[in-house]
Number of protein chains: 2
Amino acid sequence: MKNVLFNFISKYISLTEDEKNAIDSLDMFRSVKKGTILLEEGQKSKESYFVLKGCLRAYYIIDGEEKTTAFYTEMDALTPHCVVNKAPSQYFISCTEDSIILISNSDIEVEINSKFPKFDTMCRMLSEELLAKERINFDEFKTSSPEQRYLNLIQKRPDLIQRVPQHQLASYLGIKPQSLSRLRARIMEKKS
Amino acid sequence: MKNVLFNFISKYISLTEDEKNAIDSLDMFRSVKKGTILLEEGQKSKESYFVLKGCLRAYYIIDGEEKTTAFYTEMDALTPHCVVNKAPSQYFISCTEDSIILISNSDIEVEINSKFPKFDTMCRMLSEELLAKERINFDEFKTSSPEQRYLNLIQKRPDLIQRVPQHQLASYLGIKPQSLSRLRARIMEKKS
DNA sequence: CGTATTTATTAACTTTAGTGAACGAATTTT
DNA sequence: AAAATTCGTTCACTAAAGTTAATAAATACG
């Protein structure tokens, strides 16, 4: 698992042995059981997550209903809004599978970043990249119908359709579970 | 206008006179006329933009139709996907008003960032902030109906409704111009 | 200035999503 | 193992968005 992390980092910066040891000594790896809630609405957390194995889900509870807005899987990084904003979280984050994740604390990050400016650069590159990706994603969502979004998801993240319950996928696609069922039936119809 | 920029920067880092002069000497301020296209589909640009005054619009052309996905106004920063990705742009960026903007080049940014690590930190903070905001925005979009999105826009960016043509707003809200017209009529109906 | 084009609205009709309810299947709880 | 809950699908119905077309208003252009 350590190597998975170092491989990921090496896409952005190169690390010396010293730096690798520094990261190692932070002891950020965590095994979390399916169903564990990492962040709750109203909480002021300072934790960011990096998924090495498994799947995290972000969801709101609006009028008593769960609204899933994001899934984070292998190699996905997530800094919740409340960490950046220093305000109570508006959403929950839970594990949809037994997962191995990296948890970092923003206070420690500040320390590390000032000790190793390289990390600052890496974080900058990573969040610029994630921002660009997020925008493209949003654009695709805006410019397509629920059916197109579903077909697009099959192409881009086929694993999600297997590993995540249908009703969570539905709100991820911005629709109700019944509509997703219907839409899937419609697609099957067309194929035959 | 210079002061507007320095005020913005001061939210993230503090600058010495030397650093201010360094920025100044880059001569990045540009006046652009309404209608100017800053980035075209297929282009490999290295330019990022910061809006001091005016409004930029990002749009795709899909099946011959313009699909507006974003507006950038005063104090908004924008690094197009193609700059991060080093790939041809999928969308256009144009000025919807006479504007004063800052144009920076990614090659120069790399230089500046290595000379003044502070800038690296600022860029990291800025893009982390923008990423968190973008996600919240996307979440709101996903979890609400076109009508709610429109009402939300009135609250959050009332200026846009004034300064931007209706049909561009429509695709920004993920719907057709006719639907926006109808939806507006429906809201008026309810109020009375 | 008048003409052409673009923009916004309205209407009729079609398609698709939301809603509430019912049902069996799967999963969890006891 | 039985009971309870959750999940996915289907159905009938309602509400809202897409589509096509017509028209009026605003804007741009020669």
Side-chain angles (χ1 to χ4, degrees), chain A residues 33-37 55 57 59 61-68 71 92 94-98 141-154 160-192, chain B residues 33-37 55 57 59 61-68 71 92 94-98 141-154 160-192:
Chain A
K33 281 259 164 267
K34 176 176 175 172
T36 308
I37 293 180
C55 181
R57 174 175 73 105
Y59 62 97
I61 294 186
I62 298 172
D63 299 328
E65 248 192 315
E66 272 188 20
K67 302 264 192 178
T68 300
F71 294 103
F92 297 77
S94 80
C95 289
T96 63
E97 299 171 4
D98 291 349
F141 192 94
K142 262 188 194 170
T143 57
S144 57
S145 67
E147 187 172 322
Q148 289 173 311
R149 277 177 228 154
Y150 178 70
L151 292 170
N152 194 33
L153 193 68
I154 292 176
L160 273 192
I161 287 147
Q162 303 308 319
R163 71 205 289 193
V164 153
Q166 215 66 218
H167 67 282
Q168 290 174 7
L169 269 187
S171 59
Y172 181 67
L173 294 169
I175 57 175
K176 303 279 155 177
Q178 296 94 319
S179 297
L180 179 53
S181 260
R182 180 169 41 197
L183 174 162
R184 278 157 51 89
R186 204 164 58 218
I187 290 169
M188 284 306 183
E189 190 77 8
K190 282 182 194 167
K191 276 190 185 168
S192 60
Chain B
K33 281 259 164 267
K34 175 176 175 172
T36 308
I37 292 179
C55 180
R57 173 175 73 106
Y59 62 97
I61 295 185
I62 299 173
D63 299 328
E65 248 192 313
E66 272 188 20
K67 303 264 192 178
T68 299
F71 294 103
F92 297 76
S94 81
C95 290
T96 63
E97 299 171 3
D98 290 348
F141 192 93
K142 261 188 193 170
T143 57
S144 56
S145 67
E147 186 171 323
Q148 289 173 310
R149 277 176 228 154
Y150 178 70
L151 292 169
N152 194 34
L153 193 68
I154 292 176
L160 273 192
I161 287 146
Q162 303 307 320
R163 71 206 288 194
V164 153
Q166 215 68 220
H167 66 284
Q168 289 174 8
L169 268 186
S171 59
Y172 181 69
L173 294 169
I175 57 175
K176 303 279 156 178
Q178 297 92 319
S179 297
L180 179 54
S181 260
R182 179 168 40 197
L183 175 162
R184 277 158 50 90
R186 204 163 58 217
I187 290 168
M188 283 306 183
E189 189 76 9
K190 283 181 194 168
K191 275 190 184 166
S192 61

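Each chain gets a letter, A, B and so on, in the order its sequence line appears, and its residues count up from 1.
With sequence neighbours left out, the side chain to side chain donor-acceptor pair (under 3.5 Å) criterion links B:Glu147 to B:Arg186, B:Lys190. Looking at residues two or more places apart in sequence or on another chain, you find a side-chain contact (heavy atoms from CB on, under 4.5 Å) between A:Arg182 and A:Ser179. Contacts of A:Arg57 classified as salt bridge (charged side-chain N to carboxylate O under 4.0 Å, His left out), with partners at least two apart in sequence or in another chain: A:Glu66. Shown here are the side chain to side chain donor-acceptor pair (under 3.5 Å) partners of B:Asn152, two or more places apart in sequence or in another chain: B:Glu140. Residues passing the side chain to side chain donor-acceptor pair (under 3.5 Å) test with A:Ser181: none are found, sequence neighbours excluded. Qualifying side-chain contact (heavy atoms from CB on, under 4.5 Å) partners for A:Ile154, counting only residues two or more places apart in sequence or in other chains: A:Tyr150, A:Leu151, A:Ile161. B:Ser171 meets the side-chain contact (heavy atoms from CB on, under 4.5 Å) test with B:Thr68; sequence neighbours excluded. A:Gln166 meets the side chain to side chain donor-acceptor pair (under 3.5 Å) test with A:Arg184; sequence neighbours excluded.
The stretch residues 170-179 of chain A touches DNA chain D through A:Gln178, each having a heavy atom under 4.0 angstrom from the strand.
Here the range on DNA chain D touched by chain A, meaning any atom under 4.0 Å from one of its heavy atoms, is D:dC7 to D:dT10. Of all nucleotides in DNA chain C, those with any atom nearer than 4.0 Å to a heavy atom of chain B start and finish, going 5' to 3', at C:dT7 to C:dT10.
Heavy atoms only, all atoms of each residue included: B:Leu180 and B:Leu173 are closest at CD1-CD1, 3.9 Å. Between A:Lys67 and A:Ile62, the closest heavy-atom pair is CG-CD1, 4.0 Å. The nearest pair of heavy atoms linking B:Pro177 to B:His167 is CG-CB, 3.8 Å.
Residue contacts shown for A:Arg182 include a base, since a base heavy atom lies under 4.0 Å away.
The terminal axes of the helix from C:dC1-D:dG30 to C:dT30-D:dA1, fitted over 5 pairs per end, subtend an angle of 50° to the nearest 10°.
Partner of A:Tyr172 under the ring-ring contact (aromatic ring centres under 6.0 Å, His included) criterion, out of A:Tyr59, A:Phe141, A:Phe71: A:Phe71 alone.
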